[in-house]
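Taking it in order: structure first as structure tokens, then the write-up.
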Amino acid sequence: MFGRGKNIQQSLTKTRTSFFGKIASLFVARTIDEGTWEELEELLIQADMGVATTVELVEWLRAESERRHARTPDDLNNLLKERLVALLTEKKRTYLEGERRLNVVLVVGVNGSGKTTSIAKLARYHRNRGDRVLLAAGDTFRAAAIDQLKIWAERAEVDIIAHQPGADPGAVVYDAIRAADSRHANVLIIDTAGRLHTQYNLMQELVKVRSVAQKQVHRAPHETLLVLDATTGQNALTQAKEFLNAVQITGCVLAKLDGTAKGGMAFAVSRELGLPIQFVGTGETIEDWAEFDPQAYVDGLFE
Amino acid sequence: MFESLSDKLQSVFENLSRKGALTEADVNVALREVRLALLEADVNFKVVKEFVDRVRQRAVGSDVLQSLTPAQQVIKIVNEELVATLGEPSKLNLGGVAPHVLMLVGLQGSGKTTMAAKLALSLRKSGQRPLLVAADTRRPAAITQLEVLGRQIDVPVHAEGTAPTPPDICARAVQRAKEGAYNIVILDTSGRLHIDDELMRELEQIKAKVKPAEVLLVADAMTGQDAVQVAEQFHQRVGLTGLILTKVDGDARGGAALSIRAVTGVPIKFLGVGEKTNALEPFHPDRLASRILGMGDMLTLIEKAEATFDQEQARKMERKLRTASFTLEDFQDQLQQVKRMGPISQLLEMIPGLGAVSKQISPETTDRQMKRIEAMIGSMTREERRHPGVINASRKRRIAKGSGTSVQEINQLLRQFQEMQRMMKQVASGKGRGLLNNLLR
């Protein structure tokens, strides 16, 4: 779908052989006994699904296999797969649904989660779809963050509005929206400084950035994406909750899915907060980016 | 979101006798809770298994001390074992012939560049002569970032652009350190995946060329189960000598530290606790242990308060309290200071036993109430703040209008304030001296 980019299946190969491969072989190899369930629980935990999600999944699978008299490993395999896809699909929403002249996408996240790289890939994605894209360098805090985004803008072949380091991010957004108007851009992507969700003042700053966008463009931001690092554990859920409270995020990006981390917290975020995963980052180049497809994701894990 | 482990264990043990030795059945029930607490803290499940087995061996048959409940006894053993596993704090190895090379390695976004600057600043302040090396030629503007940070903290940065290979850059930087009398060289390497063979080989080459005194893995405190694989791979390829845990100022419980420590055995050297270049902390095993167990962290709370509260202002406040001349103006200052420490709910979570309470207090309600109080005080004249006695009905109406509140709310605030003043007078008159001293120490 995205030319040279690694696809989600490829990037999950390692995950598959190391983790879900084990689940599959677990079902195939033996008859089902208490040890099977316990091992299954451990394997789900190992994927960062979290204790609560894991317990719920295993209990559900036990009940369901009973109800449907599913006794063969293949049946169980399909049941679990179905369930995982359902958890991810339930709350799925179309990205940037509806027609409007200017789409404003605000991108937020904790430090080092992969915001800037994800923005570059997202910009490229829009450009490949024929959109006129403009970036706003809203991270005026971290040293050289503006330079970093400028380099990415060049690689993605999109325009960028930037102020000086230390400038007010609200002012950057204001200018960027004006510029988007006069240049007839139809997608404006706003970068923001990484911040831990526990930092009150920085979260308030984010609220302000959002309200600047809100005042300039009708119903903006039209998407507020939280970038989650796939290697993050249970804290991802807390992050999502806090960012949801502060700036009403509408979806997540699962970055760094090309490692051995399984990104299992995506399930917890979907399940508890109803936030869809919209995109996944699958590598270091600008094309390593894909729309999130629950079926493909879970299929990839199980193949 | 976490019910404190001690609360859980307390309820598990409610029906058990409070004396005698712990039986295996008691311990197994308790250890199930311990296991869940550790898993919720992102400790790797294999590490959890081994850890729980060790605790079981120690706990079964151990006598319950008279002063302790069975729950406390298990917690005590868990805590001791956890502290022992986390190990003693360890200093940087600066022995041997200078320049000493410190090599920072880790995944993308773990915080290497920021940590390099923090280490450099702390070393410079302790009288060393560090040289920072921009060996990250892959991430766009990583070199510029290190250069900017270097200027901020007044430490020179060795950079050669993105064309030369990182091993060559590092080798030349060490040469420059020798010639320029720098005694410490800090290498900021590119973030990389532990399974990226080519890039891991690059690290091996750097190590072979510069023979670092320390190879430090920089790891994010929020890392999940994968921490074990990451640490194992890095350790296998480049032989780690220490661990630095970053973003500890967040609310992740930091179980990754235990996982990494368990699989590599390398000591934890520092914690990164903020974005500013001075936000570097030594590691305290006992504090990290309570944090991983979700048992509150009073010491961190106290330190946070000390760091945020202006010392000068605190002394002034103390005088005011003693002389009972505390005014609404001072109250306003105090509110501001508390707000700087972070959301109320988060502060409450750090107090042992209050974890559950903090869940019931909606942060928005608290913050909204604080805002209203601030607005009310903000709408008073200076005279009114200093002498609330002058606030009559017409003044109340004006303040209510100005702050968008009601006269009832103003009355409530004034009543609360009077109550506070009365308490303070009591305290200052000697009745609660000890309490006051404790609060202000």
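A note on names: the letters A, B, ... follow the listed sequences, proteins ahead of strands, and every chain is numbered from 1. All values below were derived from every heavy atom in this structure, side-chain atoms included, with hydrogens, water molecules and symmetry-related copies excluded.
Residue A:Thr54 holds its OG1 atom at 11.5 Å from CZ of B:Phe45, rounded to the nearest 0.5 Å. In this structure, A:Leu196 CG and B:Lys247 NZ are separated by 7.5 Å, a value rounded to the nearest 0.5 Å. The line from NE2 of B:His194 to OG1 of A:Thr231 is 9.5 Å long, rounded to the nearest 0.5 Å.
With a 4.5 Å cut-off on non-hydrogen atoms, A:Glu154 does not touch chain B at all. B:Arg151 does not touch chain A: none of its heavy atoms, backbone or side chain, sits under 4.5 Å away.
In this structure, B:Arg32 places its CZ atom where only 12 or fewer heavy-atom neighbours from other residues, nucleotides or ligands lie under 6.0 Å away. The 12-atom threshold is exceeded at CZ of B:Arg237, counting heavy atoms of other residues, nucleotides or ligands nearer than 6.0 Å.
In this structure, the side chains of A:Thr260 and B:Ile195 come closer than 4.5 Å at one or more pairs of heavy atoms. Using a 4.5 Å cut-off on side-chain heavy atoms (C-beta onward), B:Met222 and A:Gln239 make contact. Side-chain contact between A:Arg155 and B:Pro140 is present, with at least one heavy-atom pair separated by less than 4.5 Å.
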With a 3.5 Å cut-off and sequence neighbours excluded, list the donor-acceptor pairs that the side chains of residues 105-112 of chain B form with protein atoms.
residue	atom	partner	partner atom	Å
B:Gln108	NE2	A:Glu284	OE2	3.0
B:Ser110	OG	B:Leu107	O	3.1
B:Ser110	OG	B:Val218	O	3.1
B:Lys112	NZ	B:Leu107	O	2.8

Starting from the C-alpha separation in whole Å, work towards a yes-or-no answer on side-chain contact (heavy atoms from CB on, under 4.5 Å) for A:Thr238 and B:Asp251.
-> CA-CA 8 Å; A:Thr238 322; B:Asp251 56 2; 3.4 Å; yes
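Highest contact tally toward chain A, considering only B:Val48, B:Leu193, B:Val230, B:Val228, is held by B:Leu193 [criterion: heavy-atom pairs under 4.5 Å]. For the set B:Lys49, B:Gln152, B:Arg139, B:Glu275, the count of heavy-atom pairs under 4.5 angstrom toward chain A peaks at B:Glu275. The candidate from B:Glu147, B:Arg138, B:Gln233 with the greatest count of non-hydrogen atom pairs under 4.5 Å with chain A is B:Arg138.
For the 3.5 Å distance criterion, the side chains of A:Gln46 and B:Asp226 fail to qualify, holding no donor opposite an acceptor.
Residues passing the side chain to side chain donor-acceptor pair (under 3.5 Å) test with B:Asp196, sequence neighbours excluded: none.
For A:Asn235 against B:Asp42, the heavy-atom pair with the smallest separation is N-OD2, 4.2 Å. Across all non-hydrogen atoms, the minimal contact from A:Gln234 to B:Leu39 is CG-O, 4.2 Å.
Contacts from residues 135-149 of chain A to chain B, taken as heavy-atom pairs separated by less than 4.5 Å, involve A:Phe141, A:Arg142, A:Ala143, A:Ala144, A:Asp147, A:Gln148 in sequence order. Within residues 108-117 of chain A, the residues having any heavy atom under 4.5 Å from a heavy atom of chain B are, by residue number, A:Val110, A:Asn111, A:Gly112.
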